[in-house]
K.L.:
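Sharing a structure with you now.
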Amino acid sequence: MNQFAQATEKDITRSIVEEFLGDFLSHIESDVIIVGGGPSGLVAARDLASSGLKTVVLESNNYFGGGFWLGGYLMNKVTVRAPAQKIFDQLGVPYKEVPDIKEGLYVADAPSACSKLISAACDAGAFMLNMNKFDDVVLRDGRVCGAVTNWTPVSALPRAITCVDPVAIETKCVIDATGHDAVVANSLADRGLVDLKGFLGMDVDNSEDAVVNNTSELFPGLVVTGMAAATCFGLSRMGPTFGGMLESGVKAAKIAEEIVRS
Ligand code: 48F
């Protein structure tokens, strides 16, 4: 007598195909597409989906989390500075205040923080589309109104071997949360539609406020957050501290929600 319920191979295949395609179909017209599932994009996804907006996260890797799995230098502790520890409180991430230095610097286990943030975005109802590489924007009437995407392994194949056209998802707002590369903003810069400054050298004390202050609508329909905002506006990098990324994601969600509801 087997312990597990009876099912054959076709039942398992059908479950996967029907469920995935059902989710995909219900998101081909979404409220917000977040490109990049690192810390800034995941916080934005959590907040937008919690507000009831139809939210898609496009992530080129198999895993979500971006640079949040490791704090820095292959060491898996992440730091945040006050007031961003409040986001750890919301997520239920345990953390410690770092002793013997200025008040308000906190450290936590990266796997704990990152997994809880991914979980919060999923639980809020965001459609999490991994192994999907952003390829281009949909651009109509002078605004960004969608994202063109392809399976990551297909994107990596040389054109000489295969030419597989991508598909597109329509939306009211795209958030570029792709980190230093700012790939969505760059797709506009390549066409001369925006001018990107490139990020500057490290200056931890000032950079986090600067990233949050510059989290904004770069181009009609395109909001930039996290390190993508630093690349767009010529801001200092901050190295392995994440409060600015988390708070930038909160702000990006507020801006995107205003765009969607306007
Ligand atoms: O780099 P990443 O973690 O971006 P972030 O939210 O946070 C930056 C910090 O991790 C750290 C830092 C500050 O503490 O300096 O670097 O700004 O996450 C970016 C995500 O975007 C994905 C990439 O795999 C990663 O998960 N990504 C990049 N290009 C594409 C993409 C693309 N073309 N399509 C889809 N996803």
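In listed order, ligands and their atoms are each counted from 1. Worth saying up front: this structure is predicted, and the values here are computed from it rather than measured.
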K.L.:
Do Thr241 and Thr79 have side-chain N/O donor and acceptor atoms under 3.5 Å apart?
P.N.:
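Yes.
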K.L.:
Considering non-hydrogen atoms only, spot the tightest contact between Gly36 and Val57 and give its length.
P.N.:
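Nearest heavy atoms, Gly36 then Val57: O-CG1, 4.2 Å.
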K.L.:
State whether a side-chain donor-acceptor pair under 3.5 Å links Asp109 with Tyr95.
P.N.:
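Side chains of Asp109 and Tyr95: no pair found under 3.5 Å.
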K.L.:
Compute whether any side-chain donor of one residue and acceptor of the other, for Thr178 and Asp181, lie under 3.5 angstrom apart.
P.N.:
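Judged by distance alone, the side chains do not pair up.
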K.L.:
Of all the atoms in ligand 1, which lie at a distance below 4.0 Å from a heavy atom belonging to Gly226?
P.N.:
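Close to Gly226: 17 (O).
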K.L.:
Which one of Glu208, Met227, Arg237 has a non-hydrogen atom at the shortest distance from atom 15 (O) of ligand 1?
P.N.:
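The nearest heavy atom belongs to Met227.
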K.L.:
Minimum heavy-atom separation for Thr171 and Asp31, please, with both atom names.
P.N.:
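That would be OG1-O, 2.9 Å.
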K.L.:
If you count the atoms of ligand 1 from 1 in the order shown, which ones are under 4.0 Å from a heavy atom of Leu58?
P.N.:
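Listed by number with element: 35 (C), 36 (N).
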K.L.:
Can you tell me which residue and heavy atom of the protein come closest to atom 18 (O) of ligand 1, and the distance to 0.1 Å?
P.N.:
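That would be Gly38 CA, 3.5 Å.
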K.L.:
Does any N/O atom on Gly67 come nearer than 3.5 Å to any N/O atom on ligand 1?
P.N.:
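Yes, Gly67 has an N/O under 3.5 Å of an N/O on ligand 1.
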K.L.:
Kindly assign one of parallel, tilted or perpendicular to the pair Phe20 and Trp151, based on the angle between their ring planes and the thresholds 30° and 60°.
P.N.:
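Geometry flag for Trp151 against Phe20: tilted rings.
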K.L.:
Students should be able to answer this: which protein heavy-atom is nearest to atom 35 (C) of ligand 1, and at what distance?
P.N.:
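For atom 35 (C) of ligand 1, the nearest protein heavy atom is Ser60 N, 3.3 Å.
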K.L.:
Considering only the protein, which heavy-atom contact is closest to atom 34 (N) of ligand 1, and what is its distance?
P.N.:
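I find the closest protein heavy atom is Phe134 N, 2.9 Å.
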K.L.:
From Ile28 CD1 over to Phe127 CZ, what is the distance, rounded to the nearest 0.5 angstrom?
P.N.:
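Between Ile28 CD1 and Phe127 CZ, I get 11.0 Å after rounding to 0.5 Å.
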K.L.:
When you compare the side chains of Asn132 and Thr149, does any donor N or O come within less than 3.5 Å of an acceptor on the partner?
P.N.:
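Looking only at side-chain atoms, Thr149 and Asn132 do form a donor-acceptor pair, the distance falling under 3.5 Å.
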K.L.:
Could you go through Lys172 and Glu29, starting from their C-alpha distance and side-chain angles, then the distance that decides it, and tell me whether this counts as salt bridge (Lys or Arg N to Asp or Glu O under 4.0 Å)?
P.N.:
CA-CA 9 Å; Lys172 295 173 185 131; Glu29 190 173 19; over 6 Å; no
K.L.:
Within a distance under 4.0 Å of any heavy atom of Lys133, pick out the atoms of ligand 1 and give their elements.
P.N.:
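Atoms satisfying the 4.0 Å criterion: 33 (N), 34 (N).
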K.L.:
Specify the protein heavy atom at minimum distance from atom 8 (C) of ligand 1: its residue, its atom name, and the distance to 0.1 Å.
P.N.:
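Answer, as residue, atom name and distance: Met245 SD, 3.5 Å.
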K.L.:
Is it the side chain (CB and beyond), the backbone, both or neither of Asn132 that lies under 4.0 Å from ligand 1, heavy atoms counted?
P.N.:
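Backbone only; the side chain of Asn132 stays clear of ligand 1.
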K.L.:
Would you mind checking which non-hydrogen protein atom is closest to atom 1 (O) of ligand 1, with the distance to 0.1 Å?
P.N.:
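Nearest protein contact, heavy atoms only, for atom 1 (O) of ligand 1 is Gly179 CA, 3.8 Å.
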K.L.:
Distance under 4.0 Å to a non-hydrogen atom of Ser40: what atoms of ligand 1 satisfy this?
P.N.:
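Answer for ligand 1: 5 (P), 6 (O), 17 (O).
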K.L.:
What's the separation between atom CG in Leu200 and atom CZ in Arg237, rounded to the nearest 0.5 Å?
P.N.:
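So the CG of Leu200 and the CZ of Arg237 are separated by 11.0 Å.
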K.L.:
Which part of Thr149 is near ligand 1, with near meaning a heavy atom under 4.0 Å away: side chain, backbone, both or neither?
P.N.:
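For Thr149, no heavy atom sits under 4.0 Å from ligand 1.
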K.L.:
Look at atom 26 (O) of ligand 1 and say which protein heavy atom is nearest, naming residue and atom and giving the distance to 0.1 Å.
P.N.:
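Residue, atom and distance for the closest contact: Glu59 OE1, 2.6 Å.
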K.L.:
Is the shortest distance from a heavy atom of Asp181 to ligand 1 less than 4.0 Å?
P.N.:
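Checking ligand 1 against Asp181, which is what was asked, there is no heavy-atom contact under 4.0 Å.
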K.L.:
When you compare ligand 1 with Thr241, is there at least one nitrogen or oxygen pair between them that comes in under 3.5 angstrom?
P.N.:
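Yes, there is a polar N/O contact under 3.5 Å.
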K.L.:
Mind checking whether Phe68 and Phe242 have ring centres under 6.0 Å apart?
P.N.:
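Close enough - the centres of the two rings lie under 6.0 Å apart.
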K.L.:
Taking only heavy atoms of Asn61, which atoms of ligand 1 are found under 4.0 Å from at least one of them?
P.N.:
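Atoms satisfying the 4.0 Å criterion: 24 (O).
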K.L.:
State, to 0.1 Å, how close Ala177 and Thr225 come at their nearest heavy-atom pair, and which atoms those are.
P.N.:
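Taking every non-hydrogen atom into account, CB-CG2, 3.6 Å.
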K.L.:
Heavy atom to atom 19 (C) of ligand 1, shortest distance: which of Ala230, Ala177, Gly66, Ala147 holds it?
P.N.:
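Result: the heavy atom closest to atom 19 (C) of ligand 1 is in Ala177.
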K.L.:
Could you tell me the separation between the SG atom of Cys122 and the CE atom of Met128, rounded to the nearest 0.5 Å?
P.N.:
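Taking SG in Cys122 and CE in Met128, the distance rounds to 4.0 Å.
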K.L.:
What protein heavy atom is closest to atom 16 (O) of ligand 1, reported as residue, atom name and distance in Å?
P.N.:
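It is His180 CE1, 3.3 Å.
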K.L.:
Can a non-hydrogen atom of Gly239 be found less than 4.0 Å from any atom of ligand 1?
P.N.:
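Contact check Gly239 vs ligand 1: positive.
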K.L.:
With heavy-atom distances below 4.0 Å as the criterion, list the atoms of ligand 1 near Phe242.
P.N.:
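Ligand 1 atoms under the 4.0 Å threshold to Phe242: 9 (C), 10 (O), 14 (O).
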K.L.:
For atom 28 (C) of ligand 1, find the nearest protein heavy atom and state the residue, atom name and distance (0.1 Å precision).
P.N.:
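Nearest neighbour among protein heavy atoms for atom 28 (C) of ligand 1, to 0.1 Å: Thr178 CB, 3.9 Å.
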K.L.:
Of all heavy-atom pairs between Val211 and Ala229, which one has the smallest distance, and what is that distance?
P.N.:
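Looking at all heavy atoms of both residues, the closest pair is O-CB, 4.4 Å.
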K.L.:
Have a look at ligand 1 and work out which part of Pro240, if any, has a heavy atom under 4.0 Å from it: side chain, backbone, both or neither.
P.N.:
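Near ligand 1, Pro240 shows nothing, with every heavy atom at 4.0 Å or more.
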